[in-house]
A.B. asks: 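Got a structure here, written out as structure tokens. Questions coming.
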Amino acid sequence: METKSVLLVGVGGQGTILASKLLTIGLMQAGYDVKMSEIHGMSQRGGSVSSQVRYGRVVESPVVEKGGADILVSFELMEALRWLEYLKPTGRVIVNDFRIAPMPVINGDMPYPDDILQTLQQVADVSYIDAAAIARQIGSDRVMNIVLMGTIIKSMDLDSIDWESIIRENVKPAFVDLNLQAIAAGMAAV
Amino acid sequence: MKKLLTGNEAVARGAWEAGVHFAAAYPGTPSTEILENLSTYEEVVAEWAPNEKVALESAIGASLAGGRAIASMKHVGLNVAADPLFTFAYTGVNGGTVIVSADDPGMFSSQDEQDNRNYAKAAKMPMLEPANSQEALDMSKLAFEISEQFDAPVLLRMTTRVCHSKSIVESGERAEIPLKPYSRKINKYVAVPAVAKVLRVQLEDKLSALREYAETTPLNFAEYHDKSIGVVCSGVCYHYAKEVFGENASYLKLGFTYPLPPRKIAAFCRSVDKLYVIEENDPYLEEFIRTLGFDVFGKDIFPAYDEQTPEVIRQAVYGKMLPQLDYERSKVTPRPPALCAGCPHRGFFYEIGRRKNVMITGDIGCYTLGSGAPFYGLDSTICMGASISMGHGAAKMLARANSDIKVVSVLGDSTFFHSGMTSLLGSAYNGGACVNVILDNRTTGMTGHQDNPGTGYTATGEPVTVINIADVAASFGIRHIRTIDPNNLSEVRQTLDEFLALDEPSVIITRWPCALKKFSAEDKEEFGAIFIDKHTVDADKCIGCRLCMKAGCPALSFDTAQKKAQIDAAACLGCGVCAQLCNKDAIVKAQEV
């Protein structure tokens, strides 16, 4: 099979790393070759972050190139636009209805544009979901990232993977049900 | 067992499987997780050294005493450790020894982009370059065998993408290697000139033997497909090239890259039509291949800098990237990294950034973010420990020029222990008159909260004596030393006023824990109920003057429609810096509203 590329983007601290970690474990257990790339260090301090996941029969590059992502999942609105050039023209965008003002906006030097969603929708296949609200309905803001992981599972047809056992093996017992509900809710949202 | 590991986890695992006994490192992105992972294996003595030179020297000592040893560091760390490195290549090892250099092409978290493959050549030591996590594990393990077989320390050269990418790894079990017996060998380990001259000649024999090894090792392999294009590559560039060319090219993948194998390389170059050399960053392979008489496409078409990712290769070879969507990119606002909400550096940078007639020499750590908006509180950043020594030299020249500019040097606690201590000693000894500020956030912040001599804990969590920065400064004869709370702006301001007026060196220690740190029992006892009094804006009192925005805090924003400041309750940690900037008492503790 052709290698698939999933790009999870957001702002440092939003939980992209845990979501992509669980995703890669599932993909490996399903028999795919998997590579994931992240950048640590200075860029974490409130900067733009990405987790790049690639899977297939044999995966070469651990990084997604511009125009190479099958799906772009953005945990924050502006980040979707920043990373949009990485999407295949036929690819799909899932955008979380969540804004985090970058420092130039906080300082009042630049505006946070109010038409980002429209700009995205003009050129790409966009699903806009309020993952924070969905997570809150289930019981905790903290599973927003797992809701978004659910949207990837649905969009990439990965629902035959046994996510329940992966969650059980990698999440503290008290949070297993919450995480499973988050995946289901994410899948239902797209 | 198969698992997904980062390259750093795989290096640690490989060293553990090879029976490594001793590991030392100083934290530095992208190398930090190697020692962090090694510290989880109880069979390994794992230590954070105060700097990379100490880490390598400790590893050399462990090797001499018969243990297998590993020292890991980021690329610029190897500069610090370069002194022992070169002579260790002469003496060779007792227990196998591996030095990991984690280079940072693209400078994701570094001040330069040096290519440390040049160190292997300059120091004359064998070098391995993994391309993925499986190779990182296998090469880390094999490096100890090579080291003992050839009596040479081995350089394992990683890059950011290999360190921080995950791929599937088949791991093995640990081989328990007994310590080798120790005996005094003056003609091997005492590198006085008479001994070193003999070792130098022997080193050439070792390199000849290693060159033959490079010709035959499966770490250097040719992979033939279409021979109209041939690619010579090392490290992750092998995967980048295969992503672009697939089976439309043949590959010579070099995993053992010093000494290079001339016959193997020449045979490959002769067998293909068009030859590309793809490598990050310097033309290290390219220059060698040119000396063999082959013409190649190398740095004439590929950039001399940054990562050589598939899109870079595609652009260089075919003049185009993959098709992309066309959209209005100008709407994307930059998102530079910033000091976190609750960061104890904020109060200091607010105060120092407002001063006129100061030169502020900076250092390496989170506090380099103080150079940006809205503080603009740094004049320089060069390398670890340079703040104090650069400040000292600058102050001497400013004094000679009769300038009224005063010098303030700024560095963190871990950086002070790394090499700021010797800089302070130099300034104290040579009649310096700078204000030296140590931003003591009780941890090594930027690399993710590693312990250091000032925290009272070791890499494995053992409680130890806390090395007190004020006591160190006092032992250098410095008479003006004060420890202050950086969140108290008037205290910062008054101390700066007082110490800037002095004609002798002084030390200010701003002592408050990093907001992201997991607090130790001692932190909780000393700092009490920290980070619990969230603040909020009293909208009736806020006049929209934006003074509080000078705090540059990610928890603060300005509502342009309402013309009021607002605080994100989820992000605020209650450091209170913004409240001190407000003239109208509009920022208050949330519980008092």
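Convention: sequence-line order gives letters A, B, ...; per-chain numbering from 1. In this text the structure is predicted, and so the values were computed from the model without any measurement.
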A.B. asks: Report the C-alpha separation of E60(A) and F245(B) in whole Å, then their side-chain angles, then the decisive distance to 0.1 Å, and conclude whether the side chain to side chain contact (heavy atoms under 4.5 Å, CB included) test is met.
C.D. replies: CA-CA 11 Å; E60(A) 295 292 349; F245(B) 297 111; over 6 Å; no
A.B. asks: Mind running side chain to side chain contact (heavy atoms under 4.5 Å, CB included) on K35(A) and S167(B) for me, showing each step along the way?
C.D. replies: CA-CA 5 Å; K35(A) 287 188 178 172; S167(B) 54; 3.7 Å; yes
A.B. asks: Quick one: which of A131(B), A570(B), S165(B) has the most heavy-atom pairs under 4.5 Å with chain A, could you say?
C.D. replies: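 Top option by heavy-atom pairs under 4.5 Å: S165(B).
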A.B. asks: Are any of the side-chain heavy atoms of D33(A) and I168(B) separated by less than 4.5 Å?
C.D. replies: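 In contact.
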A.B. asks: Excluding sequence neighbours, so at least two apart, what forms ring-ring contact (aromatic ring centres under 6.0 Å, His included) with Y26(B)?
C.D. replies: H418(B)
A.B. asks: Quick check: do S37(A) and H164(B) have side-chain heavy atoms less than 4.5 Å from each other?
C.D. replies: no
A.B. asks: Evaluate side chain to side chain contact (heavy atoms under 4.5 Å, CB included) for E65(A) paired with M321(B), printing each intermediate quantity in order.
C.D. replies: CA-CA 9 Å; E65(A) 57 192 301; M321(B) 293 196 260; over 6 Å; no
A.B. asks: Quick check for you: among Q324(B), R329(B), M549(B), which has the greatest number of heavy-atom pairs under 4.5 Å with chain A?
C.D. replies: Q324(B)
A.B. asks: On a heavy-atom basis, which atom in P310(B) and which in V63(A) lie closest, and how many Å separate them?
C.D. replies: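 Reported closest heavy-atom pair: CD-CG2, 4.0 Å.
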A.B. asks: Please determine, among M78(A), K66(A), Q122(A), the option with the most heavy-atom pairs under 4.5 Å with chain B.
C.D. replies: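 Of M78(A), K66(A), Q122(A), K66(A) has the most heavy-atom pairs under 4.5 Å with chain B.
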A.B. asks: Measuring heavy-atom distances to chain B, does Y55(A) have an atom under 4.5 Å in its side chain, in its backbone, in both, or in neither?
C.D. replies: neither
A.B. asks: If the threshold is 4.0 Å, N to carboxylate O, is there a salt bridge linking K166(B) and E38(A)?
C.D. replies: no
A.B. asks: Using distance only, find each side-chain donor-acceptor pair of residues 135-150 of chain A under 3.5 Å and give its atom names and separation, not counting sequence neighbours.
C.D. replies:
{"unit_1": "R136(A)", "atom_1": "NE", "unit_2": "D141(A)", "atom_2": "OD1", "d": "3.0"}
{"unit_1": "S140(A)", "atom_1": "OG", "unit_2": "R142(A)", "atom_2": "N", "d": "3.0"}
{"unit_1": "N145(A)", "atom_1": "ND2", "unit_2": "G15(A)", "atom_2": "O", "d": "3.1"}

A.B. asks: Quick one: closest heavy-atom pair of C553(B) and I106(A), and the distance?
C.D. replies: O-CG2, 3.8 Å
A.B. asks: If you measure from the Lys or Arg side-chain nitrogens to the Asp or Glu carboxylate oxygens, is any gap between E243(B) and R54(A) under 4.0 Å?
C.D. replies: yes
A.B. asks: Can you name the residues that form a ring-ring contact (aromatic ring centres under 6.0 Å, His included) with F75(A), not counting sequence neighbours?
C.D. replies: none
A.B. asks: Do you know the tightest heavy-atom contact between P113(A) and T333(B)?
C.D. replies: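 Smallest interatomic distance, heavy atoms only, reads CD-OG1, 3.9 Å.
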A.B. asks: Please check if any side-chain donor atom of T119(A) sits under 3.5 Å from a side-chain acceptor atom of K331(B), or the reverse.
C.D. replies: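 There is such a pair (donor and acceptor under 3.5 Å, judged by atom type) between the side chains of T119(A) and K331(B).
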A.B. asks: Look at T24(A), L84(A), V34(A) and state which one has the largest set of heavy-atom pairs under 4.5 Å with chain B.
C.D. replies: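 Option with the greatest count: L84(A).
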A.B. asks: I need the minimum non-hydrogen distance between Y327(B) and L81(A), along with the two atoms involved.
C.D. replies: OH-O, 3.0 Å
A.B. asks: Quick check for you: among V59(A), D115(A), T3(A), L120(A), which has the greatest number of heavy-atom pairs under 4.5 Å with chain B?
C.D. replies: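 Of the candidates given, the most pairs with chain B belong to D115(A).
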A.B. asks: Could you check whether any side-chain N or O of R335(B) sits under 3.5 Å from a backbone N or O of P104(A), counting only pairs where one atom can act as donor and the other as acceptor?
C.D. replies: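 Not at all, since once roles are kept as given, no pair shorter than 3.5 Å links the two residues.
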A.B. asks: Quick one: which of S557(B), C340(B), A373(B), P554(B) has the most heavy-atom pairs under 4.5 Å with chain A, could you say?
C.D. replies: P554(B)
A.B. asks: Under 4.5 Å from any heavy atom of chain B, what part of I100(A) do you find: side chain, backbone, both or neither?
C.D. replies: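 For I100(A), backbone and side chain are both near chain B.
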A.B. asks: Spell out the residues in residues 179-190 of chain A that have some non-hydrogen atom less than 4.5 Å away from a non-hydrogen atom of chain B, in order of number; otherwise answer 'none'.
C.D. replies: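 Not one residue of residues 179-190 of chain A has a heavy atom under 4.5 Å from chain B.
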A.B. asks: Is it true that atom CD of E247(B) has more than 12 heavy atoms of other residues, nucleotides or ligands lying nearer than 6.0 Å?
C.D. replies: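 Counting neighbours around CD of E247(B), 12 or fewer heavy atoms of other residues, nucleotides or ligands fall under 6.0 Å, so no.
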A.B. asks: Does P62(A) reach the side chain of Y240(B), with side-chain heavy atoms less than 4.5 Å apart?
C.D. replies: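 Yes, their side chains come closer than 4.5 Å.
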A.B. asks: With a 4.5 Å cut-off on heavy-atom pairs, point out which of Q52(A), K88(A), M110(A), R82(A) contacts chain B the most.
C.D. replies: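 Most heavy-atom pairs under 4.5 Å with chain B: R82(A).
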A.B. asks: If we define contacts as heavy-atom pairs under 4.5 Å, which of R314(B), E328(B), K550(B), E307(B) has the most with chain A?
C.D. replies: R314(B)
A.B. asks: Taking all atoms of both residues into account, what is the closest heavy-atom pair of P89(A) and L325(B), and its distance?
C.D. replies: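 Closest approach of P89(A) to L325(B): CA-CD2, 3.7 Å.
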